[in-house]
Amino acid sequence: MNKILVICGPTATGKTALAAQFARVFNGELISADSRQVYRGMDLASGKDRPDVPIWLYDVVAPDEEFSVSHWVRLARTAIADIIKRGKLPIIVGGTGLYINALLHPFETIDIPPNKALRKKLYKLSVSDLQKMVTRGDINDSDWNNPRRLIRKIEIKKFQPRRPADLQAFDYLIIGLSASLSVLDTRIDERLKKRLRQGMKEEIMSLLKTYKKELPSMTAIGLNEHAYARRQLTWFKKQTDIHWFDIRSETCADDIELLVRKWYT
RNA sequence: GUCAGGAUGGCGGAGUGGUCAAUCGCAACAGACUGUAAAUCUGUCGCCCUAACGGGCUCCCCAGGUUCGAAUCCUGGUCCUGACA
């Protein structure tokens with residue numbers, strides 16, 4: 001079966017660097033699993049490292065274009081097929097857990113597109129009005145007051161859910177890179193300082209000037225990366241098939257390489 | 001030095017006699033998550049006990065006072081800010 005290696009984990013753990021290293025060792029190519037790095041022009045803001053190995057799914061859309069898991073999975077599958085065809089190892093690397101999950105475990109509502117007209121109407125409604133259109137049991141408690149999810153639920157109702165067409169399954173190995181929150185926080189702070197020095201603010205300003213209007217891709221300006229890392233950990237924590245490694249361990253990279261080697265050869 | 005304004009929980013900032021352990025925002029902590037995911041949403045957030053309902057304690061710069069009752073009123077301190085010197 002087709003093998004793909006996945007390297008995930010919270011932000012600021014050095015995923016890309018490690019993935020690039022493995023790409024060299026195992027003759028692979030990278031595929032970024034990051035919901036912001038797909039946008040052109042957001043280099044510093046989205047933390048695009050440019051390794052000296054091929055990396056896919058950077059800069060695939062303009063900042064004002066629509067993009068979502070669905071698009072990403074499609075592109076990722078195309079990239080994977082291409083890489084495999086050339087006899088190389090696809091290495092998925094990134095911190096957007098939903099994307100990775102959707103690639104590995106396709107779900108049936110993923111390709112139901114947004115209904116613009118319907119959304120426009122629904123966005124004007126209050127949360128309690130939206131709730132009247134959804135069955136309580138159809139949505140989890142935490143999302144009962146979440147307008148986006150409520151609207152999405154209503155939107156989906158109008159469609160017949162269908163199993164995604166016979167999608168190719170993968171033989172995958174997932175490596176998780178992590179560290180304690182306090183370690184991550186200091187790494188995040190240092191990285192942010194560096195990016196600001198490199199001109200991150202200017203990059204954002206010029207993007208805003210170019211596109212003026214609010215960009216779906218720019219909702220994260222003024223973001224709180226500490227909280228973000230925390231949320232990523234919450235998500236990844238419950239994925240059961242990740243092999244975790246602590247980046248502070250001296251032998252981290254070697255341990256991982258050993259595991260990958262065992263799986264790959 | 002004089003005049004004016006102000007000191008509230010990690011921060012910002014409401015409240016100006018009782019229903020105040022004190023609205024709200026941020027941060028923090030825990031959680032959810034399936035076409036916006038760096039997003040969106042839920043819960044906790046003075047201390048202690050309880051599985052929970054609930055209960056106890058200490059609180060709004062400090063010290064006194066008024067009052068049945070004070071974060072809120074009065075007096076005196078201390079510190080901060082703006083204006084005049």
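Labels below follow one simple rule: chain letters A, B, ... track the order of the sequence lines, proteins then strands, and each chain is numbered from 1. All values below come from the heavy atoms of this structure, side chains included, with hydrogens, waters and symmetry mates left out.
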C1' gap between B/G77 and B/G9, integer Å
24 Å

Once you round it to whole Å, what is the distance between P of B/A37 and CD of A/Glu225?
16 Å

I'd like to check the side chain to side chain donor-acceptor pair (under 3.5 Å) partners of A/Asn2; sequence neighbours left out, ordered by chain and number.
none

B/C20 pairs with which nucleotide, Watson-Crick or G-U wobble, both distances below 3.5 Å?
none

Nonpolar side-chain network containing A/Tyr264, other nodes, edges under 4.5 Å
A/Leu5, A/Ile7, A/Leu18, A/Phe22, A/Val25, A/Phe26, A/Leu30, A/Val53, A/Ile55, A/Tyr58, A/Leu89, A/Ile91, A/Val93, A/Leu173, A/Ile175, A/Leu177, A/Phe245, A/Ile247, A/Ile256, A/Leu259, A/Val260, A/Trp263

Distance check, C1' atoms only: B/A21 and B/G55, in whole angstrom units.
14 Å

Any side-chain N or O of A/Tyr228 under 4.0 Å from OP1/OP2 of B/A39?
no

Taking donor-acceptor contacts at under 3.5 Å, does the side chain of A/Glu155 reach the base of B/G35?
no

Using the C1' atom as the point on both nucleotides, what is the distance between B/C20 and B/U58, in whole Å?
14 Å

SB check A/Asp59 A/Arg50 (cutoff 4.0 Å)
yes

Exercise: do A/Thr96 and A/Asp34 side chains pair donor with acceptor under 3.5 Å:
no

Using the test side chain to side chain donor-acceptor pair (under 3.5 Å), find all partners of A/Arg230 that sit at least two apart in sequence or belong to another chain.
none

Within the 4.0 Å heavy-atom criterion, would you say A/Ser46 contacts the bases, only the backbone, or no part of the nucleic acid?
base

Are OP1 or OP2 of B/A28 and a side-chain N or O of A/Arg230 less than 4.0 angstrom apart?
no

With a 3.5 Å limit on both atom pairs, tell me what B/U81 is paired to, counting Watson-Crick and G-U wobble, or say none.
B/A4

State which residues pass side chain to side chain donor-acceptor pair (under 3.5 Å) with A/Asp241; sequence neighbours excluded, sorted by chain then number.
A/Tyr172

Would you say A/Asn224 places a side-chain N or O within less than 4.0 Å of OP1 or OP2 belonging to B/A27?
yes

Could you check which of B/C33, B/G35, B/A28 has an atom nearest any side-chain atom of A/Pro113?
B/G35

Taking any strand in view, what nucleotide pairs with B/U72 in a Watson-Crick or G-U wobble way, both distances under 3.5 Å?
none

Does this structure show an ion pair linking A/Glu65 with A/Arg40, if we count only N-O contacts that are shorter than 4.0 Å?
yes

Rounded distance in Å - CG (A/Leu184) to P (B/A28)
13 Å

Please confirm whether the shortest side-chain N or O distance from A/Arg231 to OP1 or OP2 of B/A39 is below 4.0 Å.
yes

Residue set satisfying ring-ring contact (aromatic ring centres under 6.0 Å, His included) with A/His71, at least two apart, ordered chain then number -> A/Phe67

Quick one: label A/Ala229 by what it contacts on the DNA or RNA (base, sugar-phosphate, nothing), any heavy atom closer than 4.0 Å.
nothing

Both distances below 3.5 Å, Watson-Crick or wobble geometry, any strand: find the nucleotide opposite B/C60.
none

Got a sec, which residues hit side chain to side chain donor-acceptor pair (under 3.5 Å) with A/Arg191, two or more places apart in sequence or on another chain?
A/Thr11, A/Glu225

Check RNA chain B against residues 70-82 of chain A and give the residues with a non-hydrogen atom under 4.0 Å, in numerical order.
A/Ser70, A/His71

Given B/A28, B/A32, B/A37, identify the nucleotide with an atom nearest to the side chain of A/Asn140.
B/A32

In whole Å, what separates the C1' atom of B/G35 from that of B/G46?
44 Å

Between A/Trp235 (CH2) and B/C41 (C1'), how many Å, whole number?
14 Å

Nearest-Å distance for atom pair CG/P, residues A/Leu233 and B/C33
16 Å

Watson-Crick or G-U wobble partner of B/C33, both distances under 3.5 Å
none

Think A/Lys238 forms a cation-pi with A/Trp235, using NZ or CZ under 6.0 Å from the six-ring centre and within 45 degrees of its axis?
yes

Nucleotide B/A37, atom C1' - distance to OH of A/Tyr39 in whole Å
11 Å

Between B/A37 atom C1' and A/Gln239 atom CD, what is the distance in whole Å?
13 Å

From the options B/C33, B/A37, B/A30, select the nucleotide whose nearest atom is closest to the side chain of A/Leu181.
B/A30

Is any side-chain nitrogen or oxygen of A/Thr234 closer than 4.0 Å to OP1 or OP2 of B/C33?
no

Any strand, both distances under 3.5 Å, Watson-Crick or G-U wobble: B/G25 pairs with B/C11

Using a heavy-atom cut-off of 4.0 Å across all strands, would you classify A/Lys238 as base, sugar-phosphate, or nothing?
base

Please lay out, stage by stage, how A/Glu190 and A/Lys194 fare under the test salt bridge (Lys or Arg N to Asp or Glu O under 4.0 Å).
CA-CA 6 Å; A/Glu190 276 160 25; A/Lys194 194 170 128 209; over 6 Å; no

Figure out the CD/C1' separation between A/Gln232 and B/G31, and round it to whole Å.
16 Å

Tell me whether the side-chain N or O atoms of A/Arg36 pair up with the base of B/A37 as donor and acceptor below 3.5 Å, since no angle test is needed here.
no

P spacing across the pair B/G10 / B/U23, given as an integer number of angstrom:
14 Å

At 4.0 Å (heavy atoms only), tell me whether A/Asp34 reaches a base, stays on the sugar-phosphate, or touches nothing.
base

Taking the hydrophobic residues Ile, Leu, Val, Met, Phe, Trp and Tyr, and joining any pair whose side-chain heavy atoms are under 4.5 Å apart, which ones share a cluster with A/Leu233?
A/Leu181, A/Leu184

Which protein N or O atoms sit under 3.5 Å from an N or O of nucleotides 42-44 of chain B?
from	atom 1	to	atom 2	distance (Å)
B/U42	O4'	A/Ser142	O	3.2

Once you round it to whole Å, what is the distance between P of B/A28 and CG of A/Asp189?
10 Å

Taking the side chain of A/Arg148 as its heavy atoms from C-beta onward, which of B/G31, B/A39, B/A37 lies nearest to it?
B/A39

